[in-house]
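In what follows, chains are A, B, ... by sequence order, proteins preceding strands, each numbered from 1. Computed from a predicted structure; not experimentally measured.
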Number of protein chains: 2
Amino acid sequence: MNAKAAAARRAVTYVQNGMILGLGTGSTAACAIEAIGERIRQEGLRVQGVPTSARSEELARQWNIPIRSLSGSLEIDLTIDGADEVDTALNLIKGGGGALVREKIVAVASRERLIIVDESKQTPVLGAFPLPVAVIPFGWESTQRQLQALCPDVRLRAASDGSPYRTDDGLYLLDLPMGRIEDPAALEAALKRMVGVVEVGLFVGLTTRLIVGYTDGRIEERVPTDAPA
Amino acid sequence: MNAKAAAARRAVTYVQNGMILGLGTGSTAACAIEAIGERIRQEGLRVQGVPTSARSEELARQWNIPIRSLSGSLEIDLTIDGADEVDTALNLIKGGGGALVREKIVAVASRERLIIVDESKQTPVLGAFPLPVAVIPFGWESTQRQLQALCPDVRLRAASDGSPYRTDDGLYLLDLPMGRIEDPAALEAALKRMVGVVEVGLFVGLTTRLIVGYTDGRIEERVPTDAPA
């Protein structure tokens, strides 16, 4: 079993009968959805899932995970999701898979947020992975000009056919190769404040547990040592 | 001529040949689009317009205003728009007409922002008009719960058929009857920071000139006395 799948299996041991689960997006989150599906099949586990993307919803259906929408007074017990980078304070860059807006909405609606990564995603300082920022398509070049003040090399994400990539919410993504992000909370606030910016792929103070899978088979778990930001 | 139309005509005296104009949305902005159209017809005025809504684009076409999109390195010379409320510092509540996201993107891309209102829109303190906040439809009830901490009576705006109103960008609008907004800049920041919130109908420090039309025929002009926030 690879490192991602091993971490995902460990994560799914935290799932209990009756839980409402946030289902992340991406290759590692997909391993978790499969592992939940396995427990449903083998143990008759009863859970409901709130998917963070059309793709994850499709996968959840394949594994017979009952789907809930994020409506009414629904509170999510536990969200299991991946990350593109995680620092030593368990802050994250997310959005490489394009689902950061729904992932963040679901994360904020969850009591617990369990993040699973393979060892390659760990970094002392965030920023080597280009930071995704979701923007309104209308006037996106004007929004991009504002972002250039913080990151000159900001670029529009393209779909495989070369047209602008569209998120499930119809947004564009700008990717910001920041290099080093010294203060993730300050950068998140500065970006989110900008007109035209919908959401930022920085998840600061949201991780309640991190599970890291190593290629040598080890699995490590970490919880935040400081209070969430 | 009514107060709105008189203020709009005065505003359009600031339009010069060759300008790229931001075209606002709503009944007062519509008067300005008509007044621009009249000048094109009567004087051969040459301008281009960047509309802030599908409705304003349609109106601009009817008045033969050439349409530009907000693309590339386009800078808008002057935006003329209305407001739902304006305070003594020329801060605004906008979004009653549903176009606040594009109005704000266009406002920020403009060198000058001229706001036209009739006298009824003036207030010492913003907040009698419910503050519109544009949100992502996915998980909107979760976003609404966050907003309830600031405004217990927040409500989803409905279209005429009772379904949720959708903006031109596919967003929902939550209306916040705040009562009194003592610190518009602080409230704007607090709301915009929330996950799921796209944009807030507070326009702080953006107005470069206000034109007020009175029912008795007077027209007053004001410019901000303090530096923009």
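Neither the backbone nor the side chain of B/Ala189 comes within contact range of chain A; no heavy atom of the residue lies under 4.5 Å from a heavy atom of that chain. For a residue to count as touching a neighbouring chain, one of its non-hydrogen atoms must lie under 4.5 Å from one of that chain's; by this rule B/Val108 touches chain A with the side chain only. Interface residue A/Arg102: backbone and side-chain heavy atoms are both found under 4.5 Å from chain B. With a 4.5 angstrom heavy-atom cutoff, B/Gln144 does not touch chain A via any of its atoms. With a 4.5 angstrom heavy-atom cutoff, A/Ile136 touches chain B only via side-chain atoms.
Taking CZ of B/Arg145 as the reference point, atom CG of A/Leu74 lies at 7.5 Å (rounded to 0.5 Å). Note that CG of B/Asp169 is 9.0 Å distant from CG of A/Leu171, once rounded to the nearest 0.5 Å. The line from CG of B/Leu70 to CZ of A/Phe138 is 5.5 Å long, rounded to the nearest 0.5 Å.
Not one N or O on the side chain of B/Lys192 forms a donor-acceptor pair closer than 3.5 Å with the backbone of A/Val198.
Counting heavy-atom pairs closer than 4.5 Å to chain B, the top-ranked of the candidates A/Ser142, A/Pro137, A/Ser71 is A/Ser71. Chain A forms more heavy-atom pairs under 4.5 Å with one residue of B/Arg193, B/Glu75, B/Glu141, B/Lys104 than with any other, namely B/Glu141.
Shown here for A/Glu199 and B/Met194, the closest heavy-atom pair between the two residues is OE1-O, 4.4 Å.
Other residues, nucleotides and ligands contribute at most 12 non-hydrogen atoms within 6.0 Å of the CD atom of B/Glu58.
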